[in-house]
Amino acid sequence: MPEQDTRRATRRLPPGGGGAEEFIAVRWNSLALVVLYAWLLTALVLLLPDLSHARVSGWLAHPLNTLLMLLLIAESFRHVKYGLDELIDDYLHAPLGRAVAKAANKTACIVAGVFGVLSVLRIAFGTA
């Protein structure tokens with residue numbers, strides 16, 4: 001196909017739409033994760049002298065630490081979902097396979113995220 005015909009066919013395509021918003025959301029998500037992981041590493045390496053279960057549970061029971069850990073878990077699984085959705089879009093070309101893979105990805109991320117959130121809340125409220 002000549003180059004001119006390709007350009008003409010491309011001009012007739014509708015705009016993709018929605019890409020810029022997702023691109024910006026992923027970048028903000030990544031920035032939030034950098035800050036949250038820096039907080040976690042700083043706390044674990046510098047602030048906690050030992051990493052015994054009792055010490056970490058007591059540290060995590062503090063309301064600010066609980067909130068930041070919940071944000072870290074939620075944003076981490078959201079980031080995983082974004083990344084795996086990109087892989088699915090790039091490498092699965094069958095519509096049914098893509099739909100099944102995206103549904104499985106979303107379900108797995110939600111289940112794992114809820115498990116993480118419930119685990120942190122259980123520690124924070126002292127029932128663990």
Side-chain angles (χ1 to χ4, degrees):
M1 181 179 244
E3 185 179 340
Q4 185 137 11
D5 291 341
T6 306
R7 279 188 279 156
R8 197 173 298 138
T10 305
R11 273 191 239 130
R12 287 191 299 260
L13 290 174
E21 291 85 11
E22 185 173 338
F23 179 83
I24 292 170
V26 171
R27 295 320 177 261
W28 279 111
N29 178 269
S30 299
L31 181 64
L33 283 174
V34 166
V35 172
L36 288 168
Y37 275 108
W39 159 79
L40 180 64
L41 290 175
T42 301
L44 292 179
V45 172
L46 298 177
L47 300 178
L48 292 174
D50 65 4
L51 296 176
S52 66
H53 182 269
R55 176 75 61 149
V56 175
S57 294
W59 171 80
L60 194 54
H62 187 274
L64 179 63
N65 294 332
T66 300
L67 176 67
L68 291 175
M69 185 62 75
L70 292 174
L71 285 172
L72 178 70
I73 290 169
E75 289 301 310
S76 292
F77 282 107
R78 186 173 162 207
H79 194 75
V80 166
K81 184 195 169 302
Y82 279 141
L84 290 177
D85 276 346
E86 282 299 313
L87 283 174
I88 291 167
D89 286 338
D90 289 346
Y91 294 108
L92 289 180
H93 303 294
L96 180 62
R98 183 181 294 169
V100 169
K102 281 193 169 195
N105 179 32
K106 187 173 186 177
T107 302
C109 287
I110 288 172
V111 168
V114 167
F115 179 77
V117 165
L118 291 177
S119 299
V120 169
L121 291 176
R122 187 172 173 206
I123 292 170
F125 292 125
T127 58

Item to complete: Kindly work out whether a path of hydrophobic side-chain contacts (I/L/V/M/F/W/Y, heavy atoms less than 4.5 Å apart) joins L33 to Y82.
Response: no
Worksheet item: Do the numbers put R27 on top of the ring of F23, so that NZ or CZ is under 6.0 Å from the six-membered ring centre and no more than 45° off the axis?
Response: yes
Fill in: Co-membership, hydrophobic cluster, residues L64 and L121, 4.5 Å side-chain
yes
Worksheet item: V80, L40: one ILVMFWY side-chain cluster at the under-4.5 Å cut-off?
Response: no
Discussion item. What I'd like to find out is whether the side chain of D89 reaches to under 4.5 Å of the side chain of K102, using heavy atoms alone.
Written reply: yes
Worksheet entry | Same apolar cluster (I L V M F W Y, side chains within < 4.5 Å links), L84/F115 | no
Worksheet item: Are side-chain heavy atoms of L48 and L51 found at a separation under 4.5 Å?
Response: yes
Worksheet item: Can you name the nearest heavy-atom pair linking I73 to G113, along with the distance?
Response: CG2-O, 3.9 Å
Item to complete: Measure the spacing between CZ of R98 and CG of D90 and express it to the nearest 0.5 Å.
Response: 8.5 Å
Item to complete: Decide yes or no for T66 and L70: does some side-chain heavy atom of the first lie under 4.5 Å from some side-chain heavy atom of the second?
Response: yes
Discussion item. Between the side chains of K106 and D85, is the shortest nitrogen-to-carboxylate-oxygen separation below 4.0 Å, so that they form an ion pair?
Written reply: no
Discussion item. Using side-chain contact (heavy atoms from CB on, under 4.5 Å), reason through L118 and V114 one step at a time and then give a plain yes or no.
Written reply: CA-CA 6 Å; L118 291 177; V114 167; 3.8 Å; yes
Worksheet item: Which pair of non-hydrogen atoms, one from P49 and one from R55, has the smallest distance, and what is that distance?
Response: CG-NH1, 3.8 Å
Worksheet item: What distance separates H62 NE2 from L68 CG, expressed to the nearest 0.5 Å?
Response: 10.0 Å
Practice prompt. Would you check if S119 and R122 make a side-chain contact, meaning some heavy-atom pair closer than 4.5 Å?
Written response: no
Discussion item. Quick one, D50 and V56 - any side-chain contact, counting heavy atoms below 4.5 Å?
Written reply: no
Worksheet item: Do E22 and E86 come within less than 4.5 Å of each other through their side chains, counting heavy atoms only?
Response: yes
Discussion item. Restricting to non-hydrogen atoms, name the atom on L60 and the atom on A124 that form the minimum distance, rounded to 0.1 Å.
Written reply: O-CB, 4.3 Å
Practice prompt. Return yes if some donor-acceptor pair links the side-chain N/O of N65 with the main-chain N/O of W59 below 3.5 Å, else return no.
Written response: yes
Discussion item. For V100 and L92: C-alpha separation, side-chain torsions, deciding distance, then whether side-chain contact (heavy atoms from CB on, under 4.5 Å) applies.
Written reply: CA-CA 10 Å; V100 169; L92 289 180; over 6 Å; no
Item to complete: Taking the side chain as every heavy atom from C-beta outward, state whether H79 and S30 have any pair of such atoms under 4.5 Å apart.
Response: yes
Worksheet item: CG/L87 to CG/N105 distance, rounded to the nearest 0.5 angstrom?
Response: 9.0 Å
Discussion item. Is there a continuous path of hydrophobic side-chain contacts, each under 4.5 Å between heavy atoms, that joins L31 to V26?
Written reply: no
Item to complete: Report yes if the side chains of M69 and W39 come closer than 4.5 Å at any heavy-atom pair, otherwise no.
Response: yes
